[in-house]
Chemist: 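Shown below is the structure under consideration.
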Amino acid sequence: MSIENKVVVITGASSGIGAATAKLLASKGAQVVLGARREDRLQALADDIGANAHYRVTDVTDQHQVHDLIQSAVDQFGRVDVLYNNAGTMPQGNLSDREYDKWQMMLNVNIMGVLNGIGEVLPMMQQQHDG
Ligand SMILES: NC(=O)c1ccc[n+]([C@@H]2O[C@H](COP(=O)([O-])OP(=O)(O)OC[C@H]3O[C@@H](n4cnc5c(N)ncnc54)[C@H](OP(=O)(O)O)[C@@H]3O)[C@@H](O)[C@H]2O)c1
C-alpha cells in the first residue's frame, strides 16, 4: 500500500509531530490538508511543501470548523483518505491547583476534538469503503 496521491488531513499540523508528519507524507507524494489555529505557521508550512499542501485555520473543539476543514479537503483534492487526528494538548501542573479550566480545555481538545474529526470523515469513508 502506498501513500502516494492519498489525501491526508492532519490536525495539529502547525508544530511538532503534526508538522513533521505533513512534511514526511508530502515528500512521499501524499496530498496533505493542514489544520490548526495558528495561521502563520500553517501558511509557512504549506508554502514550504508546495502544491500538494492546503491549509485551513481550525479549532478542533468547534464541530463547524472541523466540518469546514474536511470540506475544504474535498473541495481542494476531491476526497479524504486519511484523518490524522493529532491535535492535542498536555497541560502540566499539580492536581492540587484544581485548574478546572485547563482540565476542561484538555478534554475539549483531546476527546471532543478527536470525535469531531471522526464524526466528519466516517460517513464519507464508509461510503467509499476505504479510509
Ligand atoms: N511529543 C511527545 O512526546 C508526545 C507524547 C505523547 C503524546 N503526544 C501527543 O501527540 C500530539 C502532538 O504532540 P506534539 O509534541 O507535536 O505537540 P505540539 O507541538 O504542542 O503540537 C500540538 C498541535 O496541536 C494543535 N492544537 C492544540 N489545540 C488545538 C485546537 N484546539 N485546535 C486545533 N489544533 C490544536 C497545535 O496547534 P495550534 O496551537 O496552532 O492550534 C499544535 O499544532 C498531541 O496530541 C500530544 O498530546 C506527544
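As the structure lists them, so they are numbered: ligands from 1, and atoms in each ligand from 1.
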Chemist: Starting from atom 42 (C) of ligand 1, find the nearest protein heavy-atom neighbour and note its residue, name and distance.
Modeler: Ser15 OG, 3.4 Å

Chemist: Main chain of Ala19, side chain of Thr21: is a donor-acceptor contact present, judged purely on distance under 3.5 Å?
Modeler: no

Chemist: Name the option, out of Gly35, Ala36, Gly12, that contains the heavy atom nearest to atom 25 (C) of ligand 1.
Modeler: Gly12

Chemist: Quick one: look up the protein heavy atom nearest atom 44 (C) of ligand 1 and list residue, atom name and how far away it is.
Modeler: Asn86 O, 3.5 Å

Chemist: Geometry only, no angles: is Gly18 polar-contacting ligand 1 at N/O separations under 3.5 Å?
Modeler: no

Chemist: For a quick test of reading the model, state the closest non-hydrogen atom pair linking Arg38 to Ser14 and the distance between them.
Modeler: NH2-OG, 3.3 Å

Chemist: Quick one: look up the protein heavy atom nearest atom 1 (N) of ligand 1 and list residue, atom name and how far away it is.
Modeler: Ile17 CD1, 3.8 Å

Chemist: What residue and atom, counting heavy atoms only, is the protein's closest point to atom 22 (C) of ligand 1, and at what distance?
Modeler: Gly88 O, 3.6 Å

Chemist: Which pairs with one or both residues in residues 109-128 pass ring pair (Phe, Tyr, Trp, His ring centres under 6.0 Å), sequence neighbours excluded?
Modeler: none

Chemist: Among all protein heavy atoms, pick out the one at the shortest distance from atom 28 (N) of ligand 1; state its residue, atom name and that distance to 0.1 Å.
Modeler: Arg37 NH2, 3.2 Å

Chemist: Show me which atoms of ligand 1 lie under 4.0 Å from any heavy atom of Asp59.
Modeler: 30 (C), 31 (N), 32 (N)

Chemist: How many angstroms lie between atom NE2 of His54 and atom CZ of Phe77, to the nearest 0.5 angstrom?
Modeler: 7.0 Å

Chemist: Should Val109 be listed as contacting ligand 1, given a heavy-atom distance under 4.0 Å as the test?
Modeler: yes

Chemist: At less than 4.0 angstrom from any non-hydrogen atom of Arg38, what atoms of ligand 1 do you find?
Modeler: 36 (C), 37 (O), 38 (P), 39 (O), 40 (O), 42 (C)

Chemist: For ligand 1, which atoms, with element, lie under 4.0 Å from some heavy atom of Thr58?
Modeler: 32 (N), 33 (C)

Chemist: Look up atom 8 (N) of ligand 1 and tell me if a protein heavy atom lies less than 4.0 Å from it?
Modeler: no

Chemist: Quick one, Glu120 with Asn116, criterion side chain to side chain donor-acceptor pair (under 3.5 Å). Give me CA distance, side-chain angles, the key distance, then yes/no.
Modeler: CA-CA 6 Å; Glu120 283 304 322; Asn116 285 339; over 6 Å; no

Chemist: Considering all protein heavy atoms, does one lie under 4.0 Å from atom 5 (C) of ligand 1?
Modeler: no

Chemist: For a quick check under 3.5 Å, do Ser96 and Asn94 share a side-chain donor-acceptor pair by atom type?
Modeler: no

Chemist: Could you find the nearest protein heavy atom to atom 35 (C) of ligand 1 and give me its residue, atom name and distance?
Modeler: Ala87 CB, 3.8 Å

Chemist: Do Tyr84 and Ile17 make a side-chain contact, defined as non-hydrogen atoms from C-beta onward lying under 4.5 Å apart?
Modeler: yes

Chemist: Report yes or no: do Tyr55 and Val9 belong to one cluster of Ile/Leu/Val/Met/Phe/Trp/Tyr joined by side chain heavy-atom distances under 4.5 Å?
Modeler: no

Chemist: With no hydrogens and no angle check, do the side chains of Gln104 and Asn108 hold a donor and an acceptor under 3.5 Å apart?
Modeler: yes

Chemist: Considering only non-hydrogen protein atoms, determine which one is nearest to atom 32 (N) of ligand 1 and report residue, atom name and distance to 0.1 Å.
Modeler: Val60 N, 2.9 Å

Chemist: Run the side-chain contact (heavy atoms from CB on, under 4.5 Å) test on Asp81 and Asp130 for me, step by step, so that the C-alpha distance in whole Å, both residues' side-chain angles and the decisive distance to 0.1 Å come before the verdict.
Modeler: CA-CA 7 Å; Asp81 296 299; Asp130 192 42; 4.3 Å; yes

Chemist: Only heavy atoms of Gly16, strictly under 4.0 Å: list the atoms of ligand 1 that pass.
Modeler: 16 (O), 19 (O)

Chemist: Would you confirm whether Gln65, through its side chain, and Asp59, through its main-chain N or O, come within 3.5 Å as a donor-acceptor pair?
Modeler: yes

Chemist: Which of the numbered atoms in ligand 1 are below 4.0 angstrom from a heavy atom of Ser14?
Modeler: 36 (C), 37 (O), 38 (P), 40 (O), 42 (C), 43 (O)

Chemist: Under 4.0 Å from atom 11 (C) of ligand 1, can you find at least one protein heavy atom?
Modeler: yes

